[in-house]
Amino acid sequence: MKKETHKKSATAVQENAAQTSAAKAGTTASAGSDAVQVLQAWLGGKGERHQVLHLLMAIQQYGSINKAAKVVGMSYKAAWERVEALNNLSRQDLVSRKTGGSGGGGTELTEAGLLFIERAGHLQKELGGFLAFLCAEPEQALHTIKTLRRLQMKISARNIWLGTVAKIETGAVNTVVTVDLRGGDTVVSVITENSVQRLGLQVGSEVMTVIKASSVMLGLEIDPAKISARNILPGTVKRIETGVVNDVVTLDLAGGNTLSSVITTSSVKRLGLALGMRALAVIKASEVMLATD
């Protein structure tokens with residue numbers, strides 16, 4: 001009787017061990033499947049290109065963002081927003097407008113844009129081989145997958161700029177961080193000292209500034225000495241998207257970045273905003289979020 005009980009116990013232990021092993025294998029296989037899906041979404045399937053890369057190559061081919069958008073399957077508005085986001089996150093513009101000519105101008109890639117396409121093409125080829133490795137060794141790739149998922153992160157804030165930490169002023173509770181953007185623009189952010197430590201910020205660090213469009217106020221004549229907001233950025237009205245209640249106003253900043261502001265339609269009319277007008281963007285330092293890779 002005891003022997004039979006012992007045999008049953010041993011069998012139960014073996015079954016549990018087998019189930020645990022199978023569960024681990026299933027988790028690893030699931031991770032491997034996730035790895036493949038994430039990388040394929042980033043790289044594109046066989047014969048496909050990443051949408052951003054495809055858009056840039058179409059702009060290079062046709063010299064028109066309107067034609068490029070149709071080829072890629074995007075709306076004209078979405079294509080321009082994607083291009084503006086690319087320029088804001090790059091040290092140099094990847095795409096620029098060209099004026100004049102019989103066709104009235106168009107859109108073209110800058111030297112930096114052409115170099116980006118060349119490097120991205122090489123990267124795709126290398127990552128294609130890396131994908132095969134992930135399929136074969138999924139358990140070792142979990143950390144990589146988490147990083148790739150961060151790259152796929154979408155955020156509702158319209159204004160995201162790449163910059164460099166120029167100054168950190170530590171206070172009793174909060175810390176003032178000054179960020180240099182490309183072209184000479186600067187943005188000041190007030191965050192907690194704990195956030196500074198958590199992000200590992202120091203002078204010279206690359207950082208992304210994130211600002212919700214609804215946090216950006218617009219004005220025409222503003223005296224910096226008579227307003228508490230630390231950030232006053234001059235720009236030119238590039239686009240006005242009219243809504244039922246609110247309008248989205250996009251400015252070309254002096255340094256080359258673009259900035260979007262959501263204000264009421266009545267405010268747009270009251271300020272008399274129109275394309276080509278000079279305007280000032282006002283942003284409280286407490287509304288400027290910072291992020292690192």
Side-chain angles (χ1 to χ4, degrees), residues 42-45 47-125 154-155 157-163 181-185 208 211 213 216 218 233-243 247-262 268 272-281:
W42 196 82
L43 290 171
E48 296 178 352
R49 298 188 184 96
H50 185 272
Q51 191 178 44
V52 170
L53 186 59
H54 194 185
L55 177 63
L56 292 177
M57 294 180 74
I59 290 173
Q60 179 190 17
Q61 181 177 355
Y62 297 103
S64 164
I65 198 165
N66 190 26
K67 291 181 181 178
K70 291 179 181 178
V71 169
V72 176
M74 301 173 67
S75 69
Y76 177 78
K77 175 177 175 291
W80 259 120
E81 288 178 349
R82 186 62 64 89
V83 165
E84 288 168 355
L86 278 171
N87 283 342
N88 285 344
L89 291 172
S90 303
R91 287 294 180 188
Q92 296 175 294
D93 283 350
L94 303 184
V95 180
S96 66
R97 293 176 182 268
K98 56 182 180 181
T99 58
S102 57
T107 313
E108 62 184 358
L109 297 187
T110 62
E111 288 187 13
L114 293 171
L115 184 60
F116 175 83
I117 282 183
E118 181 181 351
R119 289 175 174 172
H122 292 317
L123 181 62
Q124 279 195 308
K125 291 179 181 178
K154 295 181 180 179
I155 189 168
R158 292 173 181 256
N159 301 302
I160 307 175
W161 305 315
L162 179 65
L181 305 178
R182 66 192 179 102
D185 288 326
M208 290 203 275
I211 305 167
V216 180
L218 297 180
L233 301 172
T236 304
V237 177
K238 176 182 182 179
R239 186 170 63 246
I240 300 175
E241 301 167 47
T242 305
D247 290 358
V248 180
V249 182
T250 301
L251 302 184
D252 276 333
L253 298 182
N257 287 313
T258 57
L259 174 147
S260 293
S261 171
V262 173
V268 171
L273 295 179
L275 301 185
M277 270 186 67
R278 183 179 180 276
L280 297 171

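The two atoms that bring L181 and W161 nearest to each other are CD1-CE3, 3.5 Å, heavy atoms only.
Using a 4.5 Å heavy-atom threshold, the side chains of T250 and E84 count as touching. Between V71 and H54 the shortest side-chain heavy-atom distance falls below 4.5 Å. Residues L273 and V249 are in side-chain contact: their nearest non-hydrogen atoms beyond the backbone lie under 4.5 Å apart. In this structure the side chain of N87 reaches within 4.5 angstrom of the side chain of L94, judged on heavy atoms. Inter-residue side-chain proximity for L55 and V83 is flagged as met; some heavy-atom pair is nearer than 4.5 Å. Here the side chains of W80 and K238 are in contact, with some heavy-atom distance below 4.5 Å. For the pair L251 and L218, the minimum side-chain heavy-atom distance is below 4.5 Å.
Between R158 atom CZ and E81 atom CD the span is 6.0 Å, to the nearest 0.5 Å. Rounded to the nearest 0.5 Å, atoms CG (N88) and CE (M208) are 11.5 Å apart. The CG atom of D93 sits 9.0 Å away from the OG1 atom of T258 when rounded to the nearest 0.5 Å. Note: L56 CG to T107 OG1 = 11.5 Å, rounded to the nearest 0.5 Å. Within the model, atoms CG of L89 and CZ of R182 stand 9.0 Å from one another, a figure rounded to the nearest 0.5 Å. We find the CD-CZ distance between Q51 and R82 to be 5.0 Å, quoted to the nearest 0.5 Å.
Partner of L259 under the side-chain contact (heavy atoms from CB on, under 4.5 Å) criterion, out of N159, D185, I211: N159 alone.
Not counting sequence neighbours, the partners of D247 by the side chain to side chain donor-acceptor pair (under 3.5 Å) test are T265.
The local environment of CZ in R91 is crowded, with over 12 non-hydrogen atoms from other residues, nucleotides or ligands closer than 6.0 Å. No more than 12 heavy atoms of other residues, nucleotides or ligands sit less than 6.0 Å from atom CD of Q92.
For S261 (side chain) and V216 (main-chain N/O), a donor-acceptor pair under 3.5 Å exists by modelled atom type.
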